[in-house]
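Working notes, beginning with the structure itself.
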Amino acid sequence: MTLPHATLTSAINVSPFGARLPSERTCALFKTEDMEVIRIVLRGGQSLPPHSVPGSITLQCLEGRFDVMVGQTLQHLSAGQLIHLPPKMPHAVRALEDSSGLVTIVLCA
């Protein structure tokens, strides 16, 4: 399934979903030649398995709480916090409660 992306230079609302969070889902906000931004939504207890990406990545918690396993180190991420991971860094993400965040991925050529 192809996800619609925002048009270039258009404003995107990334405010917390609040009471709407349980009915929302993950979606790609935009993708260019050099980066992609995704609004991730995970229910409490849901996780993304260990993986890595070729480029740098950031995860900003917008609401809720995430545990981010970076290599062998567990990082806690609460609303308003952001983590940066270098290229090819293995990581996994688990929502401790219903949560949403912004993932930015630098795409390598």
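Every value quoted in this text rests on a predicted model; they were computed, and no experiment measured them.
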Q.
What I'd like to find out is whether the side chain of I12 reaches to under 4.5 Å of the side chain of F30, using heavy atoms alone.
A. yes
Q | Atom of H91, atom of S52 and distance for their closest heavy-atom approach | A | CE1-CA, 4.1 Å
Q. Minimum heavy-atom separation for V14 to L62, with atom names?
A. O-CD1, 3.4 Å
Q: Answer yes or no: is there a side-chain heavy-atom contact under 4.5 Å between T104 and M35?
A: yes
Q.
Assigning hydrophobic clusters by single linkage (Ile, Leu, Val, Met, Phe, Trp, Tyr; side-chain heavy-atom cutoff under 4.5 Å), is I38 placed with V41?
A. no
Q: State, yes or no, whether a side-chain contact exists between R39 and T26 at a heavy-atom distance under 4.5 Å.
A: no
**Q.** Nearest atoms (heavy-atom pairs only) where P87 meets S56
**A.** CD-OG, 3.5 Å
Q: State, to 0.1 Å, how close S100 and E63 come at their nearest heavy-atom pair, and which atoms those are.
A: OG-OE2, 2.8 Å
**Q.** Closest non-hydrogen atom pair between R43 and L21, with its separation
**A.** NH1-O, 3.4 Å
Q. Given the rule that I, L, V, M, F, W and Y join up when any side-chain heavy atoms are under 4.5 Å apart, are M69 and L85 in one cluster?
A. no
Q. Out of curiosity, R65 CZ to R94 CZ, how far, rounded to the nearest 0.5 Å?
A. 10.0 Å
**Q.** Heavy-atom side-chain proximity of I40 to L59 below 4.5 angstrom
**A.** yes
Q) How long is the gap from CD on E97 to OG on S78, to the nearest 0.5 Å? A) 8.0 Å
Q: Can you spot which of D67, L82, V93, I83 makes a side chain to side chain contact (heavy atoms under 4.5 Å, CB included) with L77?
A: I83
Q.
Quick check: is I105 connected to L42 through a chain of hydrophobic side chains (ILVMFWY, heavy atoms under 4.5 Å apart)?
A. yes
Q.
Minimum heavy-atom separation for M89 and V70, please, with both atom names.
A. CG-CG1, 3.7 Å
Q.
For the backbone of G44 and the side chain of D98, can you confirm whether one donor and one acceptor N or O come within less than 3.5 Å of each other?
A. yes
Q.
Please determine whether residues L102 and F17 belong to a single hydrophobic cluster, defined as Ile, Leu, Val, Met, Phe, Trp and Tyr linked transitively by side-chain heavy-atom distances below 4.5 Å.
A. no
Q.
If I take atom CG from residue D34 and atom CG from residue L107, how far apart are they, to the nearest 0.5 angstrom?
A. 7.0 Å
